[in-house]
Amino acid sequence: MKRKGLLFIISAPSGAGKTSLFKKVIERVEDIKVSVSHTNRSPRLNERDGVDYHFIKKEEFQEKIKRGEFIEWAEVHGNLYGTSIENLKIREDGVDVPARSCLLGGEEDNRLDLILVIDIQGAEKIRKVYKDAISIFILPPTIGILEDRLKERGADSEEEIQRRLNRAKEEISYYKDYDYVITNDDIDKAAEELRSIIIAERCRVCNLE
Ligand code: 5GP
């Protein structure tokens with residue numbers, strides 16, 4: 001028995017704690033990959049090219065748009081972010097990791113599930129193309145905590161923090177468009193919730209082929 005490679009869309013306002021959350025989930029879930037987006041924003045201190053993002057120049061990004069290399073792209077906080085079509089293929093090909101099906105002790109399954117971490121605009125575009133995508137919104141516990149996290153990160157100027165906070169407030173109002181919502185007030189609990197959603201979706205009969 002086989003199942004299709006699942007596509008998870010995850011949106012979280014800046015400072016909702018998504019980076020640490022993913023690290024935990026990736027450690028605890030087999031056969032899943034997080035798509036690495038392209039962006040023209042500068043890397044933060046602890047970020048690595050090709051791991052956190054593919055960091056490219058604005059002109060290069062615009063060339064890629066022209067060549068139709070992105071399945072979706074959006075401007076967020078004044079920077080461009082995009083998901084390359086190439087990244088989505090992994091879920092069909094699954095070439096580099098021998099995946100084990102979690103289902104019914106099943107046969108070898110060479111497909112992978114994929115997580116896209118994208119903003120609300122990107123989520124809307126992907127949902128239109130991939131109707132079976134599963135969307136999850138990560139909420140910060142409170143706006144105050146969000147502000148503290150952005151400040152503690154020390155990566156952005158006060159002006160940038162305010163811009164991100166305002167955008168976060170707007171983004172949060174879209175959580176009802178998503179299939180699931182997780183409040184990240186406790187990282188271990190949130191990671192367990194995200195893991196449970198992934199595992200439950202893997203076992204849904206409608207995802208079997
Ligand atoms: P940050 O600069 O904090 O890493 O990300 C800013 C926002 O851009 C976040 O909401 C993040 O999810 C979003 N983002 C990252 N990659 C993509 C992408 O490929 N497409 C879209 N639409 N948004 C993205």
Side-chain angles (χ1 to χ4, degrees), residues 7-23 25-26 33-58 60-65 67-91 114-130 133-140 143 146-175 177-178 180-182 184 190 194:
L7 182 60
F8 294 94
I9 305 171
I10 303 193
S11 297
S14 279
K18 64 174 185 286
T19 313
S20 348
L21 182 61
F22 286 133
K23 281 200 186 121
V25 172
I26 295 302
K33 200 173 158 94
V34 180
S35 158
V36 180
S37 296
H38 286 75
T39 183
N40 74 316
R41 100 154 150 68
S42 318
R44 297 190 184 117
L45 269 183
N46 54 349
E47 287 180 331
R48 283 180 296 156
D49 186 34
V51 176
D52 298 284
Y53 283 105
H54 298 290
F55 294 100
I56 57 173
K57 297 249 172 297
K58 191 169 187 178
E60 205 183 326
F61 199 105
Q62 283 161 339
E63 279 303 313
K64 283 180 175 291
I65 296 176
R67 290 200 296 266
E69 290 183 22
F70 294 123
I71 183 82
E72 66 75 35
W73 65 271
E75 187 172 334
V76 190
H77 312 303
N79 294 310
L80 301 170
Y81 296 86
T83 307
S84 69
I85 291 176
E86 198 58 33
N87 282 8
L88 284 149
K89 289 193 182 147
I90 190 93
R91 152 183 114 98
L114 185 67
I115 300 182
L116 305 183
V117 188
I118 54 180
D119 84 318
I120 51 172
Q121 307 167 71
E124 202 181 330
K125 288 179 204 157
I126 294 287
R127 269 196 219 101
K128 282 192 183 136
V129 184
Y130 296 94
I134 303 133
S135 57
I136 305 160
F137 197 92
I138 315 286
L139 277 176
I143 292 290
L146 189 67
E147 187 167 2
D148 292 345
R149 284 184 186 164
L150 288 173
K151 286 184 175 158
E152 274 162 27
R153 192 159 73 181
D156 303 302
S157 64
E158 185 56 37
E159 195 189 339
E160 178 65 21
I161 289 175
Q162 286 314 317
R163 196 160 24 154
R164 283 176 182 264
L165 264 182
N166 288 338
R167 189 175 161 87
K169 286 181 200 160
E170 194 208 324
E171 283 195 341
I172 286 168
S173 67
Y174 284 83
Y175 79 89
D177 294 345
Y178 288 68
Y180 296 92
V181 63
I182 294 175
N184 189 11
L194 184 51

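For ligands, and for the atoms within them, numbers begin at 1 and follow the listed sequence. Quick note: residue numbers are just sequence positions, from 1.
Of the heavy atoms in Val76, only side-chain atoms (C-beta onward) come closer than 4.0 Å to ligand 1. Of the heavy atoms in Glu160, none comes closer than 4.0 Å to ligand 1. Residue contacts with ligand 1, taken as heavy atom pairs separated by less than 4.0 Å, involve Ala12 solely via the backbone atoms N, CA, C and O. If you look at Glu72 next to ligand 1, the close heavy atoms, those under 4.0 Å, all belong to the side chain.
Using a 4.0 Å cutoff on heavy atoms, Arg164 counts as a contact of ligand 1. Using a 4.0 Å cutoff on heavy atoms, Tyr53 counts as a contact of ligand 1. Contact analysis leaves Ser11 out of contact with ligand 1, as no non-hydrogen atom separation drops below 4.0 angstrom. No heavy atom of His38 sits closer than 4.0 Å to any atom of ligand 1.
The nearest heavy-atom contact from the protein to atom 13 (C) of ligand 1 is Asp119 N, 3.8 Å. Atom 16 (N) of ligand 1 has as its closest protein heavy atom Ser37 OG, 3.2 Å. In terms of protein heavy atoms, atom 11 (C) of ligand 1 is closest to Lys18 NZ, 4.1 Å. Given atom 2 (O) of ligand 1, the protein heavy atom at minimum distance is Tyr81 OH, 2.5 Å.
Asp119 contributes atom CG, which lies 14.0 Å from atom CD1 of Ile10 (distance to the nearest 0.5 angstrom). Here the straight-line distance linking atom CG of Asn40 with atom CG of Asn79 works out to 5.0 Å at 0.5 Å rounding.
The N/O atoms of His77, backbone and side chain alike, include none that comes under 3.5 Å of an N/O atom in ligand 1.
Checking Asn184, Val181, Leu146 one by one against Leu139, the side-chain contact (heavy atoms from CB on, under 4.5 Å) holds for a single residue, Val181.
Atoms of ligand 1 found under 4.0 Å from any heavy atom of Gly122 (numbered from 1 in listed order, with element): 22 (N). Close approach of ligand 1 to Arg41 is summarised as follows: ligand atoms under 4.0 Å from at least one heavy atom of the residue are 1 (P), 2 (O), 4 (O).
Ion pair Arg164/Glu160 flagged as a salt bridge, since at least one NZ, NE, NH1 or NH2 atom sits closer than 4.0 Å to an Asp/Glu carboxylate oxygen. Using a cut-off of 4.0 Å between Lys/Arg side-chain N and Asp/Glu carboxylate O, Glu159 and Arg163 are scored as not salt-bridged. Salt bridge Arg127/Asp177: absent, no basic N to carboxylate O contact under 4.0 Å. A salt bridge links Arg44 with Glu47: at least one charged nitrogen is closer than 4.0 Å to a carboxylate oxygen.
Glu69 and Ser84 are not linked by any side-chain donor-acceptor pair at a separation below 3.5 angstrom, with hydrogens and angles left out of the test.
Between Ile85 and Ile71, the shortest heavy-atom distance links the atoms CG1-N, 3.6 Å.
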